[in-house]
Undergrad: 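Let me give you the structure first, and then I'll get to my questions.
Every number for a ligand or one of its atoms is a count from 1 in the order of the listing. Since we're looking at a predicted model, the values are computed, not measured. Atom set for the values below is all heavy atoms of this structure, side chains included, hydrogens, waters and symmetry mates excluded.
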Amino acid sequence: MAPTAAAAVAARSMRTFLIMGCPGSGKGTLSKRIANTFNVKTLSSGDILRHHIQQGTELGKRVTATLASGGLVDDAIMVDLMHHELIDHVHGGHVLLDGFPRTVGQARDLAEFLPKVKRRLDAVVSLDVPEEVILDRIDGRWIHAPSGRTYNMSFNPPKVPGCDDITGEPLTKRPDDTREVFGERLRQYHAITEPLLEYYRETGLLQVHTGSTSNELFPKIKAGLEPLF
Ligand code: AP5
Ligand code: MG
């Protein structure tokens with residue numbers, strides 16, 4: 001195969017996507033469906049941070065209070081963390097980033113970093129879900145902290161109440177899933193993360209999908225991503 005054709009095939013085999021949307025919009029839930037459908041590895045910045053907190057690492061200790069209050073972790077910490085994740089845990093193949101970038105500064109950093117790992121951004125999926133349906137979901141959310149698997153008591157309950165489907169381990173509530181902290185996370189999203197949509201709209205990569213349920217949203221997401229595979 002000619003070198004340019006080989007490079008084109010290699011580039012095609014390494015798609016890089018982002019999923020954005022306000023807290024509770026279903027990023028984690030829909031990421032799982034995207035991952036299963038397109039064989040994509042998902043990196044969720046929130047899950048990675050919660051894993052550090054659970055393991056009691058130095059990084060975990062530094063970010064515990066920020067997550068508990070619903071604030072955003074410093075850009076410098078986040079870009080360093082996600083660079084390492086992309087280098088250490090992604091060896092070729094497609095990647096979906098959930099929760100990163102979340103500020104224009106993080107987005108600019110990602111744009112500079114991706115070419116260094118021979119990637120480029122292929123699409124940004126943004127979930128537009130009415131806020132009134134989201135608060136109820138958060139009340140019903142339970143997670144398996146070690147894996148990040150998410151359940152909802154009314155929408156996708158675990159097979160055995162209170163236990164993870166795969167490991168059987170106990171489910172827990174996220175400490176930032178109180179109504180008060182959730183309000184702060186929403187505020188941060190509107191003030192700091194929402195402006196990123198304009199940034200990505202200008203790149204021509206933004207795909208916004210509106211809907212209230214995953215069954216309504218997923219076919220739209222699938223149709224938007226399919227041409228890239
Ligand atoms: P992160 O973990 O990213 O939280 P988030 O953006 O607030 O989003 P969530 O995980 O709460 O919601 P989701 O959209 O994934 O929804 P889910 O699928 O679970 O970040 C947490 C914290 O980490 C931040 O506050 C910040 O401090 C820090 N952080 C992370 N990244 C950072 C960064 N880049 N920079 C700085 N700080 C950073 O769905 C929600 C619930 O709804 C679930 O129970 C689910 O089962 C249910 N559900 C989903 N879809 C449906 C449906 N269709 N119908 C009914 N229920 C549904
Ligand atoms: Mg999530």
Undergrad: Taking CZ in Arg33 as the centre, count heavy atoms belonging to other residues, nucleotides or ligands within less than 6.0 Å. Is the count above 12?
TA: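 Enclosed.
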
Undergrad: Under 3.5 Å, side chain of Thr150 to main-chain N/O of Thr29, donor-acceptor pair present?
TA: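 Absent.
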
Undergrad: List the residues meeting side-chain hydrogen bond (donor to acceptor under 3.5 Å, both in side chains) with Thr103, not counting sequence neighbours, and say none if there are none.
TA: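 Only Asp75 meet the side-chain hydrogen bond (donor to acceptor under 3.5 Å, both in side chains) criterion with Thr103.
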
Undergrad: Could you work out, with side chain to side chain contact (heavy atoms under 4.5 Å, CB included) as the rule, every residue matching Ser44, not counting sequence neighbours?
TA: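 For Ser44, the residues satisfying side chain to side chain contact (heavy atoms under 4.5 Å, CB included) (neighbours in sequence not counted) are Asp47, Asp98.
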
Undergrad: Counting only heavy atoms and a distance below 4.0 Å, can you name the residues contacting ligand 1?
TA: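 Under the 4.0 Å cut-off, ligand 1 touches Cys22, Pro23, Gly24, Ser25, Gly26, Lys27, Gly28, Thr29, Ser45, Gly46, Leu49, Arg50, Leu67, Gly71, Leu72, Val73, Met78, Gly99, Phe100, Arg102, Gln106, Arg137, Arg141, Thr150, Tyr151, Asn152, Phe155, Asn156, Arg174, Asp176, Arg185, Ser212, Thr213, Ser214.
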
Undergrad: Which ILVMFWY residues are connected to Phe155, directly or by a chain of links, through side-chain heavy atoms under 4.5 Å apart?
TA: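 Under the 4.5 Å side-chain rule, Phe155 groups with nothing.
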
Undergrad: Just checking, any donor-acceptor pair under 3.5 angstrom between side chains of His83 and Asp109?
TA: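 The answer is yes; a qualifying pair exists.
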
